[in-house]
Amino acid sequence: MRQVSARGWNGLFAGVLAACVLVVIGAGILALATLIVASAPSIREFGISFLWIPAWNPLHRQYGALPFLYGSFLTAGIAVLLAGVIGVTTAVALTQIGVRWLRSVLSLLLEVLAVIPSVVYGVWALLVIVPIIARLTDHQAGGSVGAFTGSGFGMLAGGVVLGVMVMPTVVAVTREAIASAPKDIAEAAMALGATRQETVALAVMPFVRKGILGSLYLGLARAFGEAVAVSLVIGNQPRSGGGLLGRASTLASMLAHTLSGTVPPLQTAALYELGLVLFLIAAVFYGLGRSYIAREAISLGFLPW
Amino acid sequence: MTRVSYKTGRKLKNALFVSILSLMTSLAVLPLLSLLWSIGVQGVAALVGLFGAPLSRGAASAVLASALVQSLITAAASVAIAMPLGVAAAIYSSQYAGLRAGRTIRFIMDILSGLPSILSGMVVFVLLSGVSSMLAGVLALVLYMLPVVVRMADQVLVAVPVAYIEGSLALGASRIQTIFAVVLPTAGKNLVTALLFVVARMVGETAPLLVILDGGATFQGKAGFQPLPLRLYSALAQGGSVSHQIVYAEALILLAIIVAVYGLARWVGRSDR
């Protein structure tokens, strides 16, 4: 009698927990469905050509994703290039060279970098990065007020901020990959008289290639999804083409920038379609990144934002 | 002769390697130091300026206090909804679901947590048909946090040794008793750390709130609900219309809160390092 009721309670408990799982999954599906429904007018109007219409011109009811894809891929590319080069070498340094206390201090600092909110990165970028770029590129403006180059705002500033925001992800994931590489081979290399550099090149790196690739994909996903800091420094101008110093927009920065204010229905639908495109790209990169990473750790670097 | 030069070559290469690594590591830390320095200096100067002058003191403290309180209420409400739901789902996926079901749930949570934060705000905006309120902000944060909470909690709960669970069940404890007496206490510290990490990230999150509060709402409407990150963003995005002093002060306060929560998380999980 008592056993039966205990089993009943257990079943009920399991059922409630399973319901929680379904609620979370259901919320996700609802979110995706909402995005699709909200962008339906735009999908109907433009079809698949939405992806390569090269202009975003509300006056002519012309809406295309190309300028934002251009901005997103370029800024994310800059970000992952910066974060990849600096982040991977830093991860190697934090595991292979230096004294232990310094390593742990530096790791802690890099984790703090992951916890700083994007709006604070925006403040910092406005205070530091934009003025630096402005000073470096000032001569190109030829002194004309309001010229696009020389202001410091633009694709490069956006890419650099993103690079800093993505770096903790790259460092954390690469470190994790190095930590799970077989130790005995590296030790054998050291025992045979290999230098640090030779050990890393021959006995460590071959085991962490996948991890590095995974970290770069996760970084790309995060760079694509970041809206707030980028929209503050990129200049918010949807253009396909235009150089690194030109003002631009990314998918996410456009959403942050434009949805503040009343916009006509078709433009809203087109904005939601931008959101849908953003979700698909971010999900693909995120999934790719995850597929390369075997081990996991409770680390901020693994958080997807 | 050739032997010696080969050996020095290797040593040189190694020295070059070590110096490049050191250089790159300094480059990696530089942004953080720059950020802390610039916002620290400007923020402290702003706080001194605002609270030093008797005229601005009242207004500044009123603005900051209301933004802080709204931030805390928003954060507390979304944590209160997302944490129990997320941890419950994680208990299911780690303790009840079979191997394949668990893997499927994890995969779905992975994909869902890839949802860029700005989209959760857009979704809630449509679902509530444009009603701009604190509830909308909370729901957006919850939508965006939930899969992450599940994933982080699941990761911690899966790490509890199976032998503990089997031992408990073998002694005749029920599933529920095992979960509350063995699984959760064992995972406790790590679980709290993981959840605090999520809280630290969430307190400063701006994007989910942004669309709800700005989209369609009038300025009067928005003025009613402005947590700290949102105030910061709208002041910066409008540019110049708001006094810069308060922006820096707010950035510093936000940074301080978040680093404090992060420090707490590290402190709770300290002995595991």
Side-chain angles (χ1 to χ4, degrees), chain A residues 6 9-10 13-14 17-18 20-21 23-25 27-28 31 34-35 38 86 89-90 92-93 97 106 109-110 112-113 115 117-120 122-124 127-128 164 167 195-197 221 225 227-228 232 252 255-256 259-260 262 272 275 278-279 282-283 286-287 290 296 298 300 303-305, chain B residues 10 13-14 17-18 21 24-25 27-29 31-32 34-35 38-39 85 88-89 91-92 96 105 108 110-119 122-123 126-127 143 146-148 150 155 174-176 190 194 197 200-201 204 206-207 210-211 214-216 229 232-233 236 251 254-255 258 262:
Chain A
W9 279 116
N10 278 325
F13 187 64
L17 295 182
C20 290
V21 173
V23 166
V24 178
I25 294 177
T34 308
L35 274 182
I86 299 177
T89 44
T90 301
V92 173
I97 63 166
L106 290 174
L109 287 178
L110 285 171
V112 173
L113 213 52
V115 83
S118 52
V119 71
V120 174
V123 176
W124 171 68
L127 272 173
V128 178
V164 174
M167 193 148 56
T195 62
R196 270 291 168 199
Q197 180 264 327
V228 165
L232 288 174
L255 297 175
L259 283 166
S260 45
T262 38
Y272 276 86
L278 173 61
F279 172 72
Y286 193 68
R290 277 284 182 187
E296 291 176 87
I298 318 161
L300 280 172
L303 293 188
W305 322 300
Chain B
R10 286 178 63 207
K13 217 171 161 186
N14 190 50
F17 172 74
V18 170
L21 288 195
M24 287 300 183
T25 309
L27 271 182
V29 184
L32 178 73
S34 157
L35 189 149
S38 60
I39 289 179
L85 199 57
I91 292 176
Y92 184 85
Y96 284 96
I105 293 173
I108 295 174
D110 273 353
I111 296 294
L112 290 183
S113 50
L115 186 84
S117 57
I118 183 130
L119 297 182
M122 292 168 65
V123 165
V126 171
L127 288 179
L143 177 62
L146 260 178
V148 183
V150 178
Q155 211 168 291
S174 70
R175 272 277 175 192
I176 302 181
N190 286 341
F197 278 162
R201 278 308 290 258
T206 318
L210 190 69
V211 176
D214 279 357
L232 256 177
Y233 181 79
L236 291 168
L254 190 59
L255 195 59
I258 283 157
Y262 172 76

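So you know, we letter chains A, B, ... as the sequences are listed, proteins then strands, and number each from 1.
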(request) Give, as side chain, backbone, both or neither, the part of B:Leu112 having an atom under 4.5 angstrom from any heavy atom of chain A. (result) side chain
(request) Identify which part of A:Ala227 has an atom lying under 4.5 Å from any heavy atom of chain B, answering side chain, backbone, both or neither. (result) side chain
(request) Give the member of B:Ser38, B:Ala251, B:Ala200 that has the highest number of heavy-atom pairs under 4.5 Å with chain A. (result) B:Ser38
(message) Please classify the contact of A:Val24 with chain B as side chain, backbone, both or neither, using a heavy-atom distance under 4.5 Å.
(response) both
(request) Would you mind checking which part of A:Leu113 comes under 4.5 Å of any heavy atom in chain B, side chain (CB onward), backbone (N, CA, C, O), both or neither? (result) both
(request) Side chain from CB out, backbone as N, CA, C, O: work out which of these in A:Ile86 comes under 4.5 Å of a heavy atom of chain B, or both, or neither. (result) both
(request) With a 4.5 Å cut-off on heavy-atom pairs, point out which of B:Gly204, B:Ala89, B:Pro229 contacts chain A the most. (result) B:Ala89
(request) Answer with side chain, backbone, both or neither: which region of A:Ala38 has an atom nearer than 4.5 Å to a non-hydrogen atom of chain B? (result) side chain
(message) With a 4.5 angstrom heavy-atom cut-off, is it the side chain or the backbone of B:Leu254 that approaches chain A, or both, or neither?
(response) side chain
(message) Just so I understand: if I count every heavy-atom pair under 4.5 Å between each of A:Leu110, A:Thr34, A:Val92, A:Ile25 and chain B, which residue has the most?
(response) A:Thr34
(request) Sort A:Val228 into side chain, backbone, both or neither according to what part of it lies under 4.5 angstrom from a heavy atom of chain B. (result) both
(message) Are the side chains of B:Phe197 and B:Val148 in contact, using a 4.5 Å heavy-atom criterion?
(response) no
(message) Just so I know, are the side chains of A:Leu35 and B:Val123 near enough to count as touching, which here means a heavy-atom distance under 4.5 Å?
(response) yes
(message) For a quick test of reading the model, state the closest non-hydrogen atom pair linking A:Ala221 to A:Ala282 and the distance between them.
(response) CB-O, 3.7 Å
(request) Sort B:Val150 into side chain, backbone, both or neither according to what part of it lies under 4.5 angstrom from a heavy atom of chain A. (result) side chain
(message) Side chains of B:Leu35 and A:Val164, heavy atoms from C-beta outward: is any pair under 4.5 Å?
(response) no
(message) Between B:Leu143 and chain A, with a heavy-atom cut-off of 4.5 Å, which part of the residue counts as in contact: side chain, backbone, both or neither?
(response) side chain
(message) Under a 3.5 Å distance rule, please check whether B:Tyr233 uses its side chain to pair with a backbone N or O of A:Gly122 as donor and acceptor.
(response) no
(request) Under 4.5 Å heavy-atom distance to chain B, tell me which part of A:Leu232 shows up: side chain, backbone, both or neither. (result) side chain
(message) A side-chain contact here means heavy atoms from C-beta on lying under 4.5 Å apart; do B:Phe17 and A:Thr195 qualify?
(response) no
(request) State, with a plain yes or no, whether a side-chain heavy atom of A:Phe279 is found less than 4.5 Å away from one of B:Leu115. (result) yes
(message) Measuring only between side-chain heavy atoms, which start at C-beta, is A:Leu255 closer than 4.5 Å to A:Leu278?
(response) yes
(message) To the closest 0.5 Å, what do you measure between CG (B:Leu85) and CG (A:Leu17)?
(response) 10.5 Å
